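The next block holds one structure in the form of structure tokens; read it before the comments.
Just so you know, these numbers come straight off a predicted model, no measurement behind them.
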Amino acid sequence: MTRSSKTSRLPEPAADELAHSERLLQQLRETIAARGPMPFSQYMERCLYAPGLGYYSAGKTKFGEAGDFITAPELGDLFARCVVHAVQPVLAMLGSEADFLELGGGSGAFAEAALLALAQNGTLPRRYLLLEPSADLRERQRERLGASLPAEVMARVAWIDRPPEENWRGVLFANEVIDALPTTRFVIRHGEVYEEHVALDGEARLLRVDRPADALVAGAVRHVERDLGREFEEGYRSEILPQLPYWMQAIAGSLEAGVMLFIDYGYVRREFYLPERQDGTLMAHYRHRAHSDPLYLPGLNDLTASVDFTALAEAGNQAGFGVAAYLSQAQFLIAAGLQDVFEHAYERADDDVDRYRLAQQVKKLTMPDQMGERFQAMLLARGLQALPLPAELLAADQGGRL
């Protein structure tokens, strides 16, 4: 495949990586040849999750310096300790029946730090559940937690293949999960909604084409237009998750009492669909470099789109949850006791190198040009007689912006 100007500055993949991508590409070609152009959301789903070949289901290191991106839990344990500080009053109120469910689990860094903090605070949940679709990541998490946690804490950890079917109570946590949901790409042509598809050209290369959208996608786009009070102009292209309400119901339908905490990069709806953002927010990540060609080396790139937090709130409302708080990651961490967590860790640091790393963690987590403003936090609650969240957190709520 020839390299576009968008990807010409990326590191060259190794021969085994190229062979890996080629195997997925061949699968994609066969499917498109047999069934016709593939909706972009289906292409993204295959690129990320195809068994053994997708980005998250293959054995390559994804997280940290050796991978393609760094998530907040990979920076150190300050992030996890703040999350625990924010939600442990909910676990304490729900008592011995409370569970903690983490969607995805990455490298296991969050679960490790969170479980150690929960044990230290005496608020360990009955079970710490990890809903992890990737067999490879699941094994990495199992090894990491098995090596770092005391046996009595590890005994509470369990991996599940699907959301709990029986009713449960507790906390659901998802960090950088919504951005990896396979997104639908739409474009406005002659006043009608079209959906972006992936097809093949005459030389069996991937290319993007637009086809008339079905009723579900068109209805979701028209809902956004009504909410914004304006129509998208000709040629406007962006992303939408028409399946989000169904996904939310599947994930959280059985959570009868507790809170959900979503942290991700994104915007409220009117900022997500700014008129000048004419090609959406879709990005590909390859070895700590972002580029905008999702068709380049399928299976080797992490594909993501920013989150419309207004849509997330709507999906939560439809599933029976109310928005308890919405605020930037920086505001969330500060309200969740970041200063105390940092000072405690700083006092216990072994040397100046450790202290410097702690200071760098705080900068990356909270500075506006790092993760502080790009990432947002949303707390959704249901079935609680009172909302036992830190007063500082509730005071910092910016839910009115939704």
Side-chain angles (χ1 to χ4, degrees), residues 1-62 67-69 133-137 179-187 189 193-214 216-218 235 237-243 247 279-287 289-305:
M1 186 184 290
T2 55
R3 301 187 74 177
S4 70
S5 58
K6 297 174 187 172
T7 59
S8 58
R9 295 180 184 174
L10 297 175
E12 285 293 338
D16 62 331
E17 288 185 304
L18 284 171
H20 178 100
S21 180
E22 187 59 37
R23 286 195 294 276
L24 178 57
L25 186 54
Q26 194 52 41
Q27 271 192 18
L28 292 165
R29 285 184 182 125
E30 289 168 6
T31 303
I32 294 168
R35 300 180 190 168
M38 174 185 291
F40 182 83
S41 56
Q42 187 183 336
Y43 169 80
M44 181 170 167
E45 194 270 336
R46 296 281 184 92
C47 286
L48 296 181
Y49 305 109
L53 293 174
Y55 181 79
Y56 284 110
S57 50
K60 185 169 168 279
T61 300
K62 286 83 179 170
D68 299 295
F69 56 88
S134 165
D136 171 63
L137 287 177
D179 69 81
L181 292 180
T183 191
T184 295
R185 295 263 291 169
F186 72 88
V187 65
R189 294 195 179 282
V193 182
Y194 280 66
E195 182 178 355
E196 189 174 298
H197 286 63
V198 177
L200 299 174
D201 68 9
E203 297 176 22
R205 291 177 300 202
L206 300 179
L207 78 159
R208 295 193 268 179
V209 297
D210 301 321
R211 306 181 85 185
D214 64 21
L216 179 67
V217 171
R237 189 180 298 268
S238 193
E239 298 86 31
I240 198 161
L241 289 172
Q243 79 276 28
W247 179 89
D279 194 32
T281 66
L282 182 73
M283 292 301 292
H285 297 271
Y286 181 68
R287 295 200 203 161
R289 289 171 175 83
H291 65 93
S292 56
D293 183 2
L295 305 185
Y296 177 64
L297 295 178
L300 298 188
N301 293 267
D302 181 32
L303 303 180
T304 70

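- Under the 3.5 Å distance criterion, with hydrogens and angles disregarded, no donor-acceptor pair is assigned to the side chains of Y56 and D136.
- In this structure, T183 and F40 approach most closely via the heavy-atom pair O-CD2, 3.6 Å.
- The backbone N or O of P39 sits nowhere less than 3.5 Å from a side-chain atom of Q42 that would complete a donor-acceptor pair.
- Of all the heavy atoms in I32 and A199, the pair that sits closest is CG2-CA, 4.1 Å.
- Scanning all heavy atoms of the two residues, the minimum distance from G52 to H20 falls at O-CE1, 3.5 Å.
- For the pair D201 (side chain) and E203 (backbone), a donor-acceptor distance under 3.5 Å is present.
- Across all their heavy atoms, P298 and L295 have their closest contact at CD-O, 3.5 Å.
- Across all non-hydrogen atoms, the minimal contact from P242 to V217 is CG-CG2, 4.2 Å.
- A donor and an acceptor atom, one from each side chain of R29 and Q26, are located under 3.5 Å apart.
- Under a 3.5 Å cut-off, the side chain of S21 and the backbone N or O of E17 do not form any donor-acceptor pair.
- Atom OH of Y55 sits about 12.0 Å away from atom CE of M44, to the nearest 0.5 Å.
- Note that CG of L53 is 5.0 Å distant from CD of Q27, once rounded to the nearest 0.5 Å.
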Problem - Worked check of side-chain contact (heavy atoms from CB on, under 4.5 Å) between L206 and L25 - result: CA-CA 9 Å; L206 300 179; L25 186 54; 3.5 Å; yes
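- Between the side chain of E239 and the backbone N or O of L282 there is at least one donor-acceptor pair closer than 3.5 Å.
- Between the CZ atom of R237 and the CD atom of E196 there is a distance of 5.0 Å, given to the nearest 0.5 Å.
- Residues M283 and A290 come closest through the heavy atom pair CE-CB, 3.5 Å.
- D279 and R185 are joined by a salt bridge, as a carboxylate oxygen and a charged side-chain nitrogen come within less than 4.0 angstrom of each other.
- Tested against H285, the residues L303, N301, T304 include a single side-chain contact (heavy atoms from CB on, under 4.5 Å) partner, T304.
- In this structure, CZ in F186 is found 13.5 Å from OG in S41, a value given to the nearest 0.5 Å.
- Taken to the nearest 0.5 Å, the CZ atom of R46 stands 8.5 Å off from the CG atom of L24.
- For the atom pair L28 CG and L200 CG, the distance stands at 9.0 Å (nearest 0.5 Å).
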